[in-house]
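First up is the structure itself, then whatever we jot down about it.
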Amino acid sequence: MRKSTGREKMWWAIITVFVLVYALFPVASIFATSFKAPSDLTSGEFLPNGWTTENYEQILVGSAQDLFLSSLWNSIGISLIATAIAVVLATLCAYAIARLDFPGKKLVLTTALAVSIFPVISIVTPLFNVWRTIGLYDTWLGLIIPYLSLTLPISIWTLTAFFKQIPWELEQAAQVDGATTWQAFRKAIVPLAAPGVFTTAIIAFFIAWNDFVYGISLTSTEAARPVPAALAFFTGASQFQAPTGAISAAAIIVTIPIVLLVLLFQRQIVSGLTQGAVKG
């Protein structure tokens with residue numbers, strides 16, 4: 001394999017720096033805005049003239065405390081539940097698709113792909129009417145079910161590719177030793193599939209955590225409204241003041257869990273993605 005020359009390494013370094021700056025500049029801008037006083041928001045300067053924690057105090061202990069903290073709890077609970085259900089169902093479904101021959105197997109994967117690319121906004125109105133009729137509007141369950149339509153298809157696709165890489169002989173060997181089909185799956189296959197399952201759970205959590213359309217359309221109070229939707233209801237100190245600083249502070253806070261998850265489990269995420277993508 002040919003080694004990269006010094007010039008090629010330099011160009012790759014320049015491209016990497018450019019991509020990092022392009023990706024992180026909006027985050028840096030939001031971070032700087034979150035520490036600006038209201039008088040600095042219209043100054044047009046990137047960094048605040050005087051750093052202040054006023055915006056964070058407003059959403060954590062101030063006037064926006066009830067709105068933000070309740071929505072933060074809603075996002076955590078709804079996203080975790082939707083992720084857990086999606087991963088369990090996707091694990092069983094992906095195992096069946098990868099291991100069993102049954103009519104309509106390709107149709108299941110095709111349907112999952114079609115659902116994942118279907119525009120969410122087109123089904124919000126009928127879903128809103130149905131939820132109002134059966135009493136699921138503005139409830140956790142009323143968001144968990146639609147979130148499954150977002151997280152389950154991608155989970156099935158990811159885990160199916162991963163299960164196909166696990167040798168079939170391992171399960172057969174476990175059954176020869178006296179294990180039932182369920183025991184072979186639980187004790188031989190699931191431990192080997194742990195990196196893929198973990199990666200799928202992280203991706204599903206990101207999708208549920210970042211949803212805005214369902215959150216804004218299927219809730220009306222703080223009982224179930226998630227953070228992305230709650231940001232639209234922030235108000236300034238007066239009708240003439242935009243809540244830019246408070247929204248930026250809230251955006252930074254809700255981004256922290258995502259960043260921590262990626263930093264703490266980046267090896268597992270990369271391992272799960274690569275093992276599911278490379279045919280052994």
Side-chain angles (χ1 to χ4, degrees), residues 75-120 123 127 136 140-168 170-171 174 180-215 218 226 257-258 261-262 264-280:
S75 284
I76 294 174
I78 294 171
S79 298
L80 287 177
I81 295 174
T83 298
I85 296 175
V87 169
V88 171
L89 295 179
T91 300
L92 299 175
C93 182
Y95 173 80
I97 294 173
R99 287 289 191 254
L100 305 178
D101 290 326
F102 58 91
K105 182 167 69 172
K106 292 184 178 180
L107 180 61
V108 174
L109 282 175
T110 303
T111 303
L113 179 61
V115 171
S116 64
I117 64 177
F118 199 79
V120 173
I123 62 175
L127 194 61
L136 290 180
W140 277 30
L141 184 59
L143 285 180
I144 291 173
I145 295 175
Y147 282 1
L148 290 177
S149 68
L150 301 176
T151 58
L152 194 55
I154 187 64
S155 299
I156 292 174
W157 268 88
T158 304
L159 286 176
T160 298
F162 193 88
F163 276 121
K164 287 181 179 179
Q165 314 310 316
I166 300 177
W168 176 248
L170 292 175
E171 189 172 359
T180 63
T181 302
W182 170 249
Q183 289 174 333
F185 169 74
R186 182 168 56 88
K187 296 182 178 180
I189 302 301
V190 171
L192 293 175
V197 173
F198 188 86
T199 302
T200 302
I202 294 294
I203 296 174
F205 181 80
F206 289 173
I207 294 173
W209 182 266
N210 292 323
D211 171 72
F212 174 78
V213 176
Y214 284 137
L218 302 180
I258 305 299
L261 284 175
V262 173
L264 291 175
F265 302 109
Q266 56 181 327
R267 290 187 178 181
Q268 290 85 343
I269 295 174
V270 173
S271 174
L273 291 176
T274 54
Q275 290 186 40
V278 180
K279 193 172 185 61

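These numbers come from a predicted model, not from an experiment.
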Which pair of non-hydrogen atoms, one from [X] and one from [Y], has the smallest distance, and what is that distance?
X    : Y    : result
A201 : T83  : O-CG2, 3.3 Å
A98  : T160 : CB-O, 4.2 Å
W209 : P257 : CZ2-CG, 4.3 Å
V87  : L159 : O-CD1, 4.3 Å
A204 : S155 : CB-OG, 4.0 Å
P146 : L127 : CG-CD2, 3.7 Å

Original post:
Between I258 and F205, is a side chain to side chain contact (heavy atoms under 4.5 Å, CB included) present by the stated rule, with each step listed?
Top reply: CA-CA 9 Å; I258 305 299; F205 181 80; 4.0 Å; yes
Calculate, to the nearest 0.5 Å, the distance between atoms [atom1] and [atom2] belonging to [X] and [Y] respectively.
X    : Y    : atom1 : atom2 : answer
I78  : L143 : CD1   : CG    : 4.5 Å
L92  : I156 : CG    : CD1   : 10.5 Å
Y147 : I81  : OH    : CD1   : 12.0 Å
L136 : I144 : CG    : CD1   : 10.5 Å
L109 : C93  : CG    : SG    : 7.5 Å

Original post:
What residues, two or more places apart in sequence or in another chain, satisfy side chain to side chain contact (heavy atoms under 4.5 Å, CB included) together with T111?
Top reply: L107, V115
Original post:
Which of parallel (below 30°), tilted (30 to 60°) and perpendicular (above 60°) describes F163 and Y95?
Top reply: perpendicular
Original post:
Is there a side chain to side chain contact (heavy atoms under 4.5 Å, CB included) between F162 and T200 once you walk through the steps?
Top reply: CA-CA 10 Å; F162 193 88; T200 302; over 6 Å; no
Subject >> W157/I97 under side chain to side chain contact (heavy atoms under 4.5 Å, CB included): CA gap, chis, key distance, verdict >> reply: CA-CA 10 Å; W157 268 88; I97 294 173; over 6 Å; no
